[in-house]
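Working notes, beginning with the structure itself.
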There are 2 protein chains.
Amino acid sequence: MDLRTHAHDGDRLAQACREAGLKATPQRLAVLKALLISHEHPGPEAVFRQVRGELSSISLATVYKTLDALEGAGLVERVTPLSEGRRYDANRTPHHHLVCTACGRIEDHEDPTLAPILPVDLGGFLARAVRVEVLGSCAGCRRQEQ
Amino acid sequence: MDLRTHAHDGDRLAQACREAGLKATPQRLAVLKALLISHEHPGPEAVFRQVRGELSSISLATVYKTLDALEGAGLVERVTPLSEGRRYDANRTPHHHLVCTACGRIEDHEDPTLAPILPVDLGGFLARAVRVEVLGSCAGCRRQEQ
DNA sequence: TTCCTAGTTGAGAATCATTCTCAACTGCTG
DNA sequence: CAGCAGTTGAGAATGATTCTCAACTAGGAA
């Protein structure tokens with residue numbers, strides 16, 4: 001079910017929550033609806049301001065918890081990457097990163113076939129650089145998983 | 001000059017700093033050397049611990065300032081993306097993001113030709129998902145720049 | 001329908017990373 | 001080798017995120 005292709009009536013959203021094992025509280029429905037309506041990729045603060053319109057008593061902490069819950073349920077996705085905090089790299093050659101979602105290790109991955117010709121115009125947007133993050137399991141973690 | 005292909009002697013690193021318009025202080029050389037030696041994509045805290053070995057008096061604030069300076073000079077790169085803070089997205093169809101480095105706006109960009117066949121084995125690393133961020137200027141900001 | 005319980009909420013405190021402030025210090029240009 | 005602009009260190013300040021816990025409520029069971 002792609003929630004975005006339907007009217008955002010409460011029943012449908014509530015059903016999506018329940019199927020994901022979450023109680024369908026008004027706070028959750030409001031946060032989910034705000035994210036479905038917006039095309040701005042809002043952050044927690046922006047969601048909070050938006051949702052306050054219809055649920056003036058909601059707290060910012062609830063928005064954080066709700067976003068975590070919806071993300072955990074796969075109803076919503078973070079735009080920013082999984083790896084926590086800043087990480088630096090002195091390798092200035094073009095390369096991509098393999099991020100292990102189990103242990104957090106970041107490996108460099110050089111693959112010239114992925115390197116596009118830049119800058120390039122993508123329908124009005126002038127692309128200057130491409131950042132690729134490959135999420136998965138590193139060799140060490142795969143061994144442990146077995 | 002690719003710093004990584006040479007011995008990390010102080011003179012060479014100092015020269016790189018000066019060419020970038022930065023004074024070659026022992027703190028900067030130590031931070032730069034730590035990043036060049038490490039393959040762990042360390043964060044500020046990890047760099048701090050490493051550098052303390054040879055410069056026990058260095059402060060964490062200096063590490064932050066130094067990382068910013070080195071990044072600004074292009075000697076070092078952040079692994080994590082430019083967009084600040086968390087941003088969420090309820091668009092669950094596979095798509096990439098166009099991040100405008102001028103205004104911070106994030107546009108969705110659907111391009112099925114970029115979607116690789118996943119999961120795939122990349123030399124031991126099991127890739128499950130790919131996250132692509134295209135950095136550049138959005139149409140609005142390009143108009144303003146002219 | 002009503003009851004019960006596990007899950008959820010709200011408010012404020014707590015935490016943690018990052019930035020700021022400013023006086024003291026030091027590369028480096030002349 | 002003198003002077004200054006840039007840099008450092010320590011601690012305070014900021015700001016985002018998480019924690020804590022008592023009160024509340026959705027939704028399954030009776």
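Letters A, B, ... are given to chains in the order of the sequence lines, protein chains preceding strands, and every chain is numbered from 1.
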Practice task
Note the angle between the end axes of the helix from dT1(C)-dA30(D) to dG30(C)-dC1(D), five pairs defining each, rounded to 10 degrees.
Solution key: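 It comes to 40° between the two terminal axes.
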Practice task
Could you list the residues that satisfy side-chain hydrogen bond (donor to acceptor under 3.5 Å, both in side chains) with R142(B), not counting sequence neighbours?
Solution key: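 Scan of R142(B) (side-chain hydrogen bond (donor to acceptor under 3.5 Å, both in side chains), adjacent residues dropped) gives D121(A).
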Handout entry: Set of residues satisfying side-chain hydrogen bond (donor to acceptor under 3.5 Å, both in side chains) with respect to S59(A), sequence neighbours excluded
Key =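 side-chain hydrogen bond (donor to acceptor under 3.5 Å, both in side chains) check on S59(A) returns T62(A).
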What pairs of donor and acceptor atoms, side-chain ones from residues 123-130 of chain A against any protein atom, are under 3.5 angstrom apart with sequence neighbours left out?
unit_1: R128(A); atom_1: NH1; unit_2: S137(B); atom_2: OG; d: 2.8
unit_1: R128(A); atom_1: NH2; unit_2: S137(B); atom_2: OG; d: 3.0

Completion exercise
Heavy-atom contacts, protein to nucleotides 22-30 of chain C, under 4.0 Å, summarised as B (base), S (sugar-phosphate only) or - (none) per nt, yield -----BS--
Exercise for the section: Tell me which residues in residues 44-62 of chain A put a heavy atom below 4.0 Å from DNA chain C, sorted by number, or none. Expected result: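 Heavy-atom contacts with DNA chain C come from S57(A), I58(A), S59(A), A61(A), T62(A).
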Pairs under 3.5 angstrom only: tabulate donor-acceptor contacts from the side chains of residues 42-56 of chain B to other protein residues two or more places apart or in another chain.
none

Exercise for the section: Please list, chain by chain and in numerical order, all residues satisfying side chain to side chain contact (heavy atoms under 4.5 Å, CB included) with A24(A), sequence neighbours excluded. Expected result: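 Checked A24(A) against side chain to side chain contact (heavy atoms under 4.5 Å, CB included); matches are A14(A), C17(A), R18(A), L29(A).
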Handout entry: Qualifying residues under side chain to side chain contact (heavy atoms under 4.5 Å, CB included), relative to A139(B), sequence neighbours excluded
Key =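 By the side chain to side chain contact (heavy atoms under 4.5 Å, CB included) rule, A139(B) matches R143(B).
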Problem - Contact under 4.0 Å: Q27(A) side-chain N or O vs dT25(D) OP1/OP2 - result: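 Answer no for this pair, as no side-chain N or O of Q27(A) is under 4.0 Å from OP1 or OP2.
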Handout entry: Side-chain N,O (Y64(B)) to OP1/OP2 (dT19(C)) below 4.0 Å
Key =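 Checking Y64(B) against dT19(C): no side-chain N or O falls below 4.0 Å of OP1 or OP2.
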Problem - Interatomic distance, L67(A) CG vs dA16(D) C1' [rounded to whole Å] - result: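 After rounding, the gap between these two atoms is 13 Å.
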Handout entry: Atom-pair distance (CG on L32(B); P on dT7(D)), nearest Å
Key =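 It is 14 Å, rounded to the nearest whole Å.
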Handout entry: Contact list for residues 58-70 of chain B, test salt bridge (Lys or Arg N to Asp or Glu O under 4.0 Å), sequence neighbours left out
Key =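 Checked against salt bridge (Lys or Arg N to Asp or Glu O under 4.0 Å) - neighbours excluded - the pairs reaching residues 58-70 of chain B are R86(A)-D68(B), D68(B)-R78(B).
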Exercise for the section: Test I37(B) against every option in H39(B), E40(B), K33(B) by the side-chain contact (heavy atoms from CB on, under 4.5 Å) rule and name the one that passes. Expected result: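 With I37(B) as partner, side-chain contact (heavy atoms from CB on, under 4.5 Å) holds for just one option, K33(B).
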Practice task
Using modelled atom types only, decide if a donor and an acceptor are shared between the side chain of R28(B) and the backbone of T66(B) within a distance under 3.5 Å.
Solution key: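 Not a single qualifying donor-acceptor pair exists.
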Practice task
Sequence neighbours left out, what passes ring pair (Phe, Tyr, Trp, His ring centres under 6.0 Å) with H95(B)? Give chain and number order.
Solution key: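 Testing H95(B) for ring pair (Phe, Tyr, Trp, His ring centres under 6.0 Å), a comparison that skips the adjacent residues, returns H97(B).
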